[in-house]
2 protein chains.
Amino acid sequence: MRVSTKGRYALRVMLYLAEHYTFGYISVKDIAKEEDLSPKYVEQIMCKLTKASLIMAVRGAHGGYRLTNSPSHYSVGQIIKATESYTEFAPCANSDGGTCPRYKKCISADVWQLVQSTVEELLNNLTLTDLLRMQQNKLGTPSLYLTYLPHLKKID
Amino acid sequence: MRVSTKGRYALRVMLYLAEHYTFGYISVKDIAKEEDLSPKYVEQIMCKLTKASLIMAVRGAHGGYRLTNSPSHYSVGQIIKATESYTEFAPCANSDGGTCPRYKKCISADVWQLVQSTVEELLNNLTLTDLLRMQQNKLGTPSLYLTYLPHLKKID
DNA sequence: AATTATCCTACTTTTAAAGTGGGAATATTA
DNA sequence: TAATATTCCCACTTTAAAAGTAGGATAATT
């Protein structure tokens with residue numbers, strides 16, 4: 001019962017992009033360095049996020065990625081759905097019961113459906129903006145990024 | 001983000017034992033047959049449940065397993081905790097943040113903690129009795145077990 | 001004594017997670 | 001136009017965990 005690194009890293013990456021939403025395009029190299037992740041692995045994750053249209057890319061020098069929309073448009077649920085291979089707690093956690101032949105008489109399926117819908121409800125209603133707000137409460141407003149990544153210029 | 005077969009089967013096994021709570025000791029062979037699971041694998045699961053004191057065993061002919069307490073004493077949470085290897089959604093889903101060095105500044109940890117506590121709350125408050133009641137609503141009271149397992153005698 | 005069960009430990013197989021490698025395509029800069 | 005910096009894409013490797021097996025020791029019943 002664990003979210004894989006793909007989903008967890010994806011959330012961190014999306015949070016990073018949300019924090020730097022006004023900085024324009026950000027490269028995998030920078031994200032990987034700041035988040036202390038393997039660049040190649042981050043690339044894989046970016047691929048999934050791009051295919052799900054959560055982010056946009058520009059190639060070449062000074063290219064990189066950015067959110068396609070402002071942070072408030074993204075729920076954690078969306079991000080997990082786009083990156084995790086198994087989104088379900090059990091094969092029968094779907095409302096159609098999946099392929100299990102015992103589905104109709106098996107009450108444990110109802111348990112997994114309940115867990116499933118509870119978690120989905122929670123994550124679908126939690127946006128990146130919510131998380132950024134939580135982070136500010138946790139740390140105070142951090143705006144030191146330019147000191148660490150001086151080549152990034154804030155745009156308006 | 002999936003509960004392993006160990007945890008899922010364990011729930012089914014415990015539900016089976018709960019349904020047959022008044023039938024005395026029930027063997028792995030019978031459980032495996034009725035639930036359509038590998039007997040050897042069920043044995044492994046029984047071992048975990050026994051070590052967690054959720055069930056008791058008697059060896060030898062007409063031996064088997066039974067719940068140590070009545071069904072109302074068991075929550076789904078307990079059963080999962082006893083059988084799953086990873087009970088956490090992320091290494092940092094614990095209130096102590098686990099071993100992640102980014103824990104203090106990383107807001108995504110808060111997300112996993114929130115999911116964690118939500119699911120725990122849900123599963124800890126869902127008892128086998130609740131599930132048996134749900135099952136009756138789903139199917140009507142099923143009491144045909146003696147036809148399938150005639151060697152089992154109902155005791156009072 | 002034979003049978004029916006749990007107990008226990010170790011092993012095998014299968015699957016998915018996690019991460020790498022390298023070259024093609026594309027954009028920018030000098 | 002050449003060099004450079006990036007994404008893009010596909011295939012591959014490694015590692016770890018899930019899933020399931022095997023077999024003999026122990027204990028209770030018949």
Side-chain angles (χ1 to χ4, degrees), chain A residues 1-10 12-13 17 24-33 35-66 68 80 83-91 149 151-153, chain B residues 1-10 12-13 17 24-33 35-66 68 80 83-91 149 151-153:
Chain A
M1 195 154 71
R2 172 162 285 196
V3 181
S4 78
T5 54
K6 252 190 194 130
R8 303 202 315 265
Y9 294 175
R12 281 168 56 184
V13 166
L17 290 178
Y25 289 89
I26 301 183
S27 70
V28 160
K29 207 174 136 201
D30 285 342
I31 297 171
K33 190 184 220 171
E35 288 293 324
D36 204 14
L37 300 171
S38 148
K40 272 298 191 181
Y41 198 36
V42 170
E43 201 185 292
Q44 297 260 337
I45 291 166
M46 300 321 263
C47 173
K48 294 210 161 202
L49 293 171
T50 305
K51 280 185 178 151
S53 304
L54 301 187
I55 58 178
M56 311 168 38
V58 163
R59 300 208 245 193
H62 283 70
Y65 296 91
R66 53 168 294 183
T68 43
I80 296 304
T83 48
E84 278 283 302
S85 60
Y86 290 117
T87 312
E88 293 157 354
F89 282 85
L149 295 173
H151 64 283
L152 294 174
K153 289 198 190 74
Chain B
M1 194 155 70
R2 173 161 285 197
V3 182
S4 79
T5 54
K6 257 199 188 122
R8 304 203 312 266
Y9 294 175
R12 281 168 56 185
V13 166
L17 291 179
Y25 290 88
I26 300 182
S27 70
V28 160
K29 207 176 136 200
D30 285 342
I31 298 172
K33 191 184 219 173
E35 288 292 324
D36 204 15
L37 300 171
S38 147
K40 272 300 193 181
Y41 198 36
V42 169
E43 201 184 293
Q44 297 261 336
I45 291 166
M46 300 321 265
C47 173
K48 292 210 165 202
L49 293 171
T50 305
K51 279 185 179 151
S53 304
L54 301 186
I55 58 178
M56 311 168 37
V58 163
R59 299 209 247 193
H62 285 69
Y65 296 91
R66 52 168 294 184
T68 44
I80 296 305
T83 50
E84 280 282 303
S85 61
Y86 290 117
T87 312
E88 292 156 358
F89 282 86
L149 295 175
H151 64 284
L152 293 175
K153 292 198 188 72

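All chains are named by letter (A, B, ...) in the order of the sequence lines, taking the proteins before the strands, and each is independently numbered beginning at 1.
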Nearest whole angstrom, please: distance from the [atom2] of [N] to the [atom1] of [X].
X	N	atom1	atom2	value
Arg2(B)	dA16(C)	CZ	P	9 Å
Leu17(B)	dT6(C)	CG	P	11 Å
Met56(B)	dT6(C)	CE	C1'	13 Å
Arg59(A)	dT28(C)	CZ	P	12 Å

N or O in side chain of Ser4(A) less than 4.0 angstrom from dA18(C) OP1/OP2: yes
Any Thr5(A) side-chain N or O less than 4.0 Å from OP1/OP2 of dA18(C): yes
Tyr9(A) vs Gly63(A), nearer the 5' end of DNA chain C by closest nucleotide: Tyr9(A)
Minimum heavy-atom distance between Pro39(A) and Ala32(A), given as atom pair plus value: CA-CB, 3.7 Å
Shortest non-hydrogen contact between Arg8(A) and Ala90(B), atoms and distance: CD-CB, 3.5 Å
As an exercise, state the distance from [atom1] of [X] to [atom2] of [Y], rounded to the nearest 0.5 Å.
X	Y	atom1	atom2	result
Arg59(A)	Ser27(A)	CZ	OG	15.5 Å
Gln44(B)	Thr83(B)	CD	OG1	12.5 Å
Lys48(B)	Ile55(B)	NZ	CD1	13.0 Å
Glu84(A)	Thr5(A)	CD	OG1	8.0 Å

Outermost DNA chain D nucleotides near chain A [under 4.0 Å, heavy atoms]: dA5(D) to dA11(D)
When you compare the side chain of [Y] with that of [X], does any pair of heavy atoms fall below 4.5 Å?
X	Y	value
Ile45(B)	Arg12(B)	no
Val13(A)	Tyr65(A)	no
His62(B)	Tyr25(B)	no

Nearest-nucleotide comparison on DNA chain D, the residue closer to the 5′ end among Tyr65(A) and Ala61(B): Tyr65(A)
Contacting residues from residues 38-48 of chain A, given that a heavy atom lies under 4.0 angstrom of DNA chain C: Ser38(A), Lys40(A), Tyr41(A), Gln44(A)
